[in-house]
Amino acid sequence: MQPADYEHLTPAQAIAYQHELRKQIQIKPLETPINTIAGADISYNKYEETVYAGIVLFSYPDLKIVGNANAISRTSFPYISGLLAFREVPALLEAWEKLEIKPDVLVLDGQGIAHERRLGIATHFGLIMNVPTIGSAKSRLTGKYEEPDNEPLAQSAMYDKGELIGIALRSKRNCNPIYISPGHNISMQQSVDIIKHCIRGYRIPEPTRQAHLLVNQVRLANSAKPGNQYDLFT
DNA sequence: GCGACAG
DNA sequence: ATCTTGTCGC
């Protein structure tokens with residue numbers, strides 16, 4: 001199955017594919033040193049099929065931006081809870097290929113294994129590209145947990161069907177927690193440690209935060225440009 | 001059947 | 001996800 005073909009899948013076929021991919025998930029310590037990390041995100045205008053994907057590369061652990069890439073693509077696969085990867089991975093892959101230097105770890109905006117079939121977008125991307133990934137989501141998809149204390153970096157484990165699938169992290173006081181889970185080829189502990197290191201005064205960790213800012217700029221710069229099929233004042 | 005439901 | 005000003009709280 002190729003990402004370019006995702007848009008032809010029915011939801012039932014997409015779920016069947018997730019059951020296949022699930023057999024290959026590897027949640028284990030990343031043994032090689034981490035010298036770079038990157039954040040990836042998608043932006044788009046509601047009701048439009050154009051999607052703006054972007055990735056921002058940072059040095060690690062100092063977290064200096066050292067590169068970025070973006071891609072303007074299209075998708076007809078709708079947003080369906082649990083099937084986010086089929087909508088966003090194809091475009092992210094285009095941006096990934098344009099990235100001059102590949103990061104040692106990639107942080108995606110969404111779940112890793114904290115997913116009903118353990119196939120959040122971070123796990124999906126990591127699996128098909130064979131790259132260590134971490135999922136950092138702004139809201140919960142599945143899993144039970146106790147609310148973490150209202151204290152910076154307070155955390156609480158998330159469980160699903162008796163399995164530890166992620167942790168709810170209070171990245172900033174008085175803010176809702178973010179949900180961290182390993183994607184692929186990395187451990188739960190490393191995922192949490194790395195994300196904590198990437199919290200720099202904001203609720204969202206730097207890699208994902210910067211990627212979000214990038215894709216929004218790309219979208220605003222392009223969706224307002226003459227020549228676009230949507231700027232015609234009909 | 002009912003409620004939940006990443007972005 | 002995106003649309004949007006003010007506004008409440010630290």
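So you know, we letter chains A, B, ... as the sequences are listed, proteins then strands, and number each from 1. Atoms considered below: every heavy atom in the structure, side chains included; atoms not considered: hydrogens, waters and symmetry mates.
A:Leu83 comes within contact range of at least one nucleobase, with a heavy-atom separation under 4.0 Å. Looking at heavy-atom distances under 4.0 Å, A:Asn216 makes contact with sugar-phosphate atoms alone, never a base. In this structure, A:Gly135 reaches neither bases nor backbone, as no heavy-atom distance under 4.0 Å exists between it and the strands shown. Across all strands, A:Arg140 comes closer than 4.0 Å only to sugar-phosphate atoms, never to a base (heavy-atom distances).
Where A:Val215 and A:Asn174 meet DNA chain C, the nucleotide closest to each residue was compared, and A:Val215 sits on the side nearer the 5' end. Annotation: of the two residues near DNA chain C, A:Arg219 and A:Arg173, the 5′-most nearest-nucleotide partner is A:Arg219.
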(request) Determine, stepwise, if the pair A:His197 / A:Tyr60 fulfils ring-ring contact (aromatic ring centres under 6.0 Å, His included). (result) CA-CA 10 Å; A:His197 179 77; A:Tyr60 192 91; 5.1 Å; yes
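Protein atom NE2 of A:His124 is 17 Å distant from nucleotide atom P of B:dG7, rounded to whole Å. Atom NZ in A:Lys46 sits roughly 12 Å away from atom P in C:dA1 (whole-Å rounding).
Of the side-chain N and O atoms in A:Lys172, none sit less than 4.0 angstrom from OP1 or OP2 of C:dC10. One finds a side-chain N or O of A:Ser139 lying less than 4.0 angstrom from the OP1 or OP2 phosphate oxygen of B:dG7.
Looking only at atom types and distance, the side chain of A:Asn70 has no donor-acceptor partner in the side chain of A:Lys98 under 3.5 Å away.
Shown here for A:Ala122 and A:Thr133, the closest heavy-atom pair between the two residues is O-OG1, 2.6 Å.
In this structure, A:Tyr79 does not count as stacked on the base of C:dA1 under the 5.5 Å centre distance and 30° plane angle limits.
By the 4.0 Å N-to-carboxylate-O rule, A:Asp160 lies close enough to A:Arg118 to be salt-bridged with it.
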